[in-house]
Amino acid sequence: MQWTLVIPLKPLAHAKSRLSDTAADGLRPGLALAFAQDTVAAALACPAVRDVAVVTGDSLAGRELAALGARIVPDEPAGGLNAALTHAATVVRASLPRTPLAALNADLPALRPAELARVLDAAAEFPRSFLPDAAAIGTTLLAATPGYELHPEFGTDSRARHHSSGAVELTLNAVDSVRQDVDTGEDLRTALALGAGPRTAKATARLLITGL
């Protein structure tokens with residue numbers, strides 16, 4: 001099964017506010033873009049992925065991610081994460097009505113294509129499914145096979161909300177890179193230890209983030 005991934009990205013100026021204890025205001029937009037670039041590049045290298053659609057209202061991010069091969073869907077609703085994902089899913093399914101869809105976080109800088117393929121292969125067995133994040137509170141991937149809608153419930157306690165919505169929780173070992181999103185300085189340290197992508201590694205070295 002070849003998947004279309006939908007990756008949401010908020011305007012870079014407002015991204016990664018919880019990294020304020022680790023990176024100054026002027027540094028966080030560049031970090032958020034590096035995370036997204038490494039996420040998109042790894043996703044496009046995954047054998048289970050047909051294509052990647054990034055939904056964003058940020059023009060710089062759109063240009064940079066399009067250069068990697070992503071399709072850019074403007075965030076026309078501008079109504080938050082779930083509205084953006086629902087809009088992008090509608091746009092994608094308008095041209096590919098039978099494609100399996102998966103919403104993937106944009107802050108997975110250590111993402112490994114082979115691990116993503118394992119998660120998507122497992123997701124193919126269920127109408128809707130999700131992968132919890134490393135903290136076991138949030139969600140890093142939400143999948144819907146052909147004939148089913150995503151019905152995203154991202155945000156606070158999204159693991160519980162996706163479970164309540166009827167999505168099946170995927171319980172897989174050795175997919176740490178797909179679960180390790182980055183919201184805090186500690187998350188970033190963990191992602192770097194896993195082996196962050198080249199743009200994130202360069203950004204953290206170039207920007208001289210304190211405390212890492």
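Just so you know, residue 1 is the first one in the sequence shown, and it goes up from there.
- T145 contributes a side-chain N or O that, together with a main-chain N or O of P127, makes up a donor-acceptor pair within less than 3.5 Å.
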Go through the steps to decide whether L33 and D58 satisfy the test side chain to side chain contact (heavy atoms under 4.5 Å, CB included), and finish with yes or no. CA-CA 10 Å; L33 178 57; D58 191 288; over 6 Å; no

Tabulate below the donor-acceptor pairs under 3.5 Å that side-chain atoms of residues 39-54 make, not counting sequence neighbours, or state none.
| unit_1 | atom_1 | unit_2 | atom_2 | d |
| --- | --- | --- | --- | --- |
| T39 | OG1 | F35 | O | 2.8 |
| T39 | OG1 | A106 | O | 3.2 |
| T39 | OG1 | L108 | N | 3.0 |
| T39 | OG1 | L108 | O | 3.3 |
| D51 | OD1 | T4 | OG1 | 2.7 |

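- Under a 4.0 Å N-O distance rule, the pair R118/E115 does not qualify as a salt bridge.
- Nearest heavy atom pair, residue E169 against residue F130, reads CB-CZ, 3.4 Å.
- In this structure, A89 and L150 approach most closely via the heavy-atom pair CB-CD1, 4.0 Å.
- A pairwise comparison of heavy atoms in D38 and P109 identifies CB-O, 3.8 Å as the closest pair.
- A donor-acceptor distance shorter than 3.5 angstrom exists from the side chain of T56 to the backbone of L9, with no hydrogens or angles considered.
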Test L96 against L101 for side chain to side chain contact (heavy atoms under 4.5 Å, CB included), laying out the working first. CA-CA 10 Å; L96 295 168; L101 282 173; over 6 Å; no

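- L131 and L81 are members of different hydrophobic clusters when ILVMFWY side chains are connected at heavy-atom separations under 4.5 Å.
- Side chain of T140 to backbone of V178: a donor-acceptor contact under 3.5 angstrom is found.
- Closest heavy-atom contact between A144 and W3: O-CZ3, 3.9 Å.
- In terms of modelled atom types and a separation under 3.5 Å, the side chain of N105 and the main chain of D181 share no donor-acceptor contact.
- The closest side-chain donor-acceptor pair between D187 and T190, if any, does not fall under 3.5 angstrom.
- Pairing each heavy atom of R28 with each of L19, the nearest pair is CD-CB, 3.7 Å.
- As a member of the Ile/Leu/Val/Met/Phe/Trp/Tyr network built from side-chain separations under 4.5 Å, L194 groups with nothing else and remains a singleton.
- The shortest side-chain heavy-atom distance between L68 and R199 falls under the 4.5 Å cut-off.
- For R128, there are no salt bridge (Lys or Arg N to Asp or Glu O under 4.0 Å) partners, not counting sequence neighbours.
- Shown here are the side chain to side chain donor-acceptor pair (under 3.5 Å) partners of D176, two or more places apart in sequence or in another chain: there are none.
- L111 and L5 fall within a single hydrophobic cluster, where Ile, Leu, Val, Met, Phe, Trp and Tyr are joined by side-chain heavy atoms under 4.5 Å apart, directly or via other members.
- Remark: the backbone N or O of I137 is paired with a side-chain donor or acceptor of D133 at under 3.5 angstrom.
- A salt bridge (charged side-chain N to carboxylate O under 4.0 Å, His left out) with D107 is found for exactly one of K10, K16, R179, namely K16.
- The two residues L104 and P8 have their closest heavy-atom pair at O-CD, 3.2 Å.
- Remark: the backbone N or O of S177 is not paired with any side-chain donor or acceptor of R112 at under 3.5 angstrom.
- Among residues two or more places apart in sequence or in another chain, the ring pair (Phe, Tyr, Trp, His ring centres under 6.0 Å) test is passed with F154 by H162.
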Please list every donor-acceptor pair under 3.5 Å in which a side-chain atom of residues 70-77 meets a protein atom from a residue at least two apart or in another chain.
| unit_1 | atom_1 | unit_2 | atom_2 | d |
| --- | --- | --- | --- | --- |
| D75 | OD1 | A78 | N | 3.2 |

